[in-house]
Amino acid sequence: MRYIDEYRDAGAARQYAEMIRKTTTRPWTLMEICGGQTHTIVKFGIESLLPRELTLVHGPGCPVCVTPLEIIDKAIIIASRPDVIFTSFGDMLRVPGSTKDLLSVKAEGGNVRMVYSPLDAVKIAQQNPEKKVVFFAVGFETTAPANAMSVWQAKRLGLKNFSILCSHVLVPPAMEALLSSPANLVQGFLAAGHVCTVMGFEEYFPISAKYNVPIVVTGFEPVDILQGVYMTVKQLEEGRREVENQYARSVRREGNVPAQKLLAEVFDVTDRKWRGIGSIPRSGYRLKKEYAEYDADIVFDVGNITVQESPLCIAGLVLQGLKKPHECAAFGKQCTPERPLGAPMVSSEGACAAYYHYRRFATELSPAPVG
Amino acid sequence: MGDQQPVDINQISCPLPISDYKQVLLAHGGGGKLTQQLIQKMFLSQFQNEYLEPLHDGAVFSVNGTRLAFSTDSYVVNPIFFPGGTIGELAVNGTVNDLAMCGARPRYLSAAFIIEEGLSMEDLWRVVVSMQEAARKSGVMLVTGDTKVVDRGKGDRIFINTSGVGVVDAGINVSPKSAQVGDKIIVSGLIAVHGIAIMSVREGLEFDTPIRSDTAALNDLVQAMFAVSKNIHVLRDPTRGGVASALNEIASSSNVGMKILEERIPLSEDVRGACEILGLDPLYVANEGKLIAFVPARDSEQVLAAMRGHPLGKGSVIIGEVVSDYPGTVIMRSRIGGNRVVDMISGEQLPRIC
């Protein structure tokens with residue numbers, strides 16, 4: 001398969017692993033921002049190819065993981081209403097709320113449907129005029145344009161029965177929040193390639209300069225990740241702190257301008273709470289006033305919800321890169337993908353689930369010979 | 001049972017933990033860990049007996065000195081017609097294959113139909129004709145049956161249950177408990193085809209040539225394998241839950257580890273592409289015309305050659321072997337040389353957000 005096979009090539013991977021080994025002279029801690037990158041790293045066993053001096057910590061870029069518990073509880077309340085068809089991406093369905101998940105709502109008779117695109121939810125709204133159709137709009141800048149498009153289309157079609165429950169989050173403010181924390185360990189970032197496909201990478205220059213940190217826009221295949229790690233380590237070793245683009249086959253400096261225009265038309269930037277991290281100023285999107293009739297938060301007026309996170313779960317520390325999943329006392333014991341205590345155990349992008357599925361024996365697994 | 005109180009499942013004492021779900025979820029039928037829990041906690045705990053306990057695709061027992069295999073399966077696929085097959089063909093081939101995976105020659109099948117009011121006679125006829133054609137091809141007879149019609153909205157067009165009986169020849173002993181260290185693991189061809197054929201219809205994906213289900217009866221292929229070796233330890237058709245779930249079940253039943261190589265897993269380009277688009281891992285996607293065999297190393301080349309000489313086994317490959325390390329666990333060496341655990345899936349495979 002073109003554009004995939006080249007980036008899963010064992011020879012190229014071996015070459016980059018070797019270049020990384022030769023370049024690395026001392027310990028460095030890097031963070032990959034995106035959950036998709038975490039997934040690739042553990043799925044392909046990339047850490048076993050890296051020199052001992054390098055530590056990869058897994059960033060907060062898993063939309064499922066950082067969506068606050070209150071919003072999930074809100075989704076569950078809305079989805080349980082008999083007049084609602086609740087639509088969502090697949091992996092949000094199994095995220096535990098305070099008492100249950102959306103799959104349980106479905107089992108109890110709620111009309112909960114998995115869709116691949118928010119535009120499918122718009123279609124469902126057209127086909128079911130007697131129902132209120134709600135789409136669970138979560139995710140980063142990557143999913144935001146399609147979600148914005150659903151609202152824009154609904155307005156053009158004059159739909160009165162479509163709304164989105166919006167919990168969009170933005171990457172650069174989260175990076176700043178991590179970097180400004182006194183506990184920060186991260187010395188270089190692999191920025192999330194797909195986020196940059198939409199937004200470009202202009203906004204990373206001031207962050208790189210302010211915190212003196214290399215930021216390399218990186219793709220999602222194993223060779224992408226290894227090349228991204230190589231570029232970041234090379235900068236660190238050479239004393240450079242710059243923004244570079246490994247994922248040039250997909251990302252332009254200015255990003256996808258029409259998508260950005262649509263985002264500006266539909267959304268305002270707002271403060272947002274991140275599960276496990278807390279509130280970060282100007283770190284999310286909410287619908288503009290002009291689109292209030294498509295805002296499920298306003299349409300259903302569920303009110304404020306107070307929640308209690310599991311005291312055992314250290315998701316916040318994991319999402320900030322301060323702990324590795326297997327350092328949690330509940331990991332694989334009270335907390336498993338069947339009964340997750342925290343969101344990172346749910347999504348295959350979540351660091352805890354990725355460790356559970358692919359790396360449980362990692363400490364015992366000897367690094368495999370390459371090739 | 002009579003007027004006994006309904007049992008509170010949370011009160012049943014059992015060493016196995018049950019999930020806290022108070023209702024059955026769709027994921028309980030997904031072939032993963034939740035299915036295993038349901039079977040262990042609900043069914044096995046009540047029905048416990050020596051024939052059920054191996055949790056094979058069917059039960060094997062002796063009647064007057066003849067060893068018989070007995071198996072049952074229900075078919076609820078939506079859509080009922082899909083590229084490469086129908087629910088009727090699946091219902092015949094599925095039970096034939098379950099018997100074949102017990103090492104049996106399938107002989108007689110029953111068929112029970114639960115039909116939703118309103119199904120067109122034309123569609124029902126298409127299903128029935130496809131069943132008879134599948135039965136003819138695999139050499140079994142449909143010898144008994146049942147029909148029920150339910151109110152519109154109480155079913156999904158048609159559900160079919162088939163049960164089957166087959167004869168196990170002397171000298172053949174296959175069981176999910178029999179995998180041994182050193183066994184080669186053979187897969188009979190391209191994986192994940194059936195699941196993707198169904199998914200692409202449901203999701204409206206279009207390909208240059210549509211992906212067609214691999215539904216097929218494997219009993220003849222199995223006999224071709226036995227003709228060269230009676231030492232095959234395990235046979236399994238990796239249906240729901242895919243190759244990964246089948247390997248995990250066997251690893252756990254036989255208490256052995258497995259090491260497989262990602263680059264050996266047979267996958268077609270279009271199925272790989274569809275899996276990338278849909279966010280699915282092909283190792284967990286269903287097959288309906290493939291089998292996995294565990295064969296002692298000394299017999300593996302003959303068995304592989306016999307499989308490759310059969311039309312349904314042309315694409316057979318050795319994907320890995322049974323190891324003494326990590327009992328109960330399947331390890332895969334990735335294309336680029338890293339190792340990872342191939343776990344049993346928890347419930348349904350949920351596509352990722354981005």
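Chain letters run A, B, ... following the sequence lines, proteins first, then strands; residues in each count from 1.
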Provide the closest heavy-atom pair for B:G338 versus A:S48 in the form atom of the first, atom of the second, distance.
->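 In this case the closest contact between B:G338 and A:S48 is CA-OG, 3.6 Å.
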
With A:F86, which residues qualify under ring pair (Phe, Tyr, Trp, His ring centres under 6.0 Å), at least two apart?
->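 Once residues adjacent in sequence are excluded, the partners of A:F86 under the ring pair (Phe, Tyr, Trp, His ring centres under 6.0 Å) criterion are A:F136.
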
With sequence neighbours excluded, what pairs up with B:F82 under the ring pair (Phe, Tyr, Trp, His ring centres under 6.0 Å) test?
->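 Per chain and number, B:F82 pairs via ring pair (Phe, Tyr, Trp, His ring centres under 6.0 Å) with B:H194.
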
Considering only heavy atoms, which portion of B:D325 lies under 4.5 Å from any heavy atom of chain A: side chain, backbone, both, or neither?
->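 Neither part.
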
Are the side chains of [Y] and [X] in contact, using a 4.5 Å heavy-atom criterion?
X	Y	result
B:R335	A:D9	no
A:S104	B:L25	yes
B:I336	A:I46	yes
B:I277	A:Y116	no

Most heavy-atom pairs under 4.5 angstrom with chain B, which of A:D101, A:L226, A:V223?
->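 When all of A:D101, A:L226, A:V223 are compared, A:D101 has the most.
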
Quick one: does B:R340's side chain have a donor or acceptor within less than 3.5 Å of a partner on A:K43's backbone?
->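 Yes; at least one donor-acceptor contact below 3.5 Å.
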
What part of A:V115 lies closer than 4.5 angstrom to a heavy atom of chain B: side chain, backbone, both or neither?
->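 No part of A:V115 comes within 4.5 Å of chain B.
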
So which part of A:D120 gets closer than 4.5 Å to some heavy atom of chain B, the side chain, the backbone, both or neither?
->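 For A:D120, neither part sits under 4.5 Å from chain B.
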
Just do the side-chain contact (heavy atoms from CB on, under 4.5 Å) check on A:T336 and B:K33 with the steps written out, would you?
-> CA-CA 11 Å; A:T336 63; B:K33 283 186 193 166; over 6 Å; no

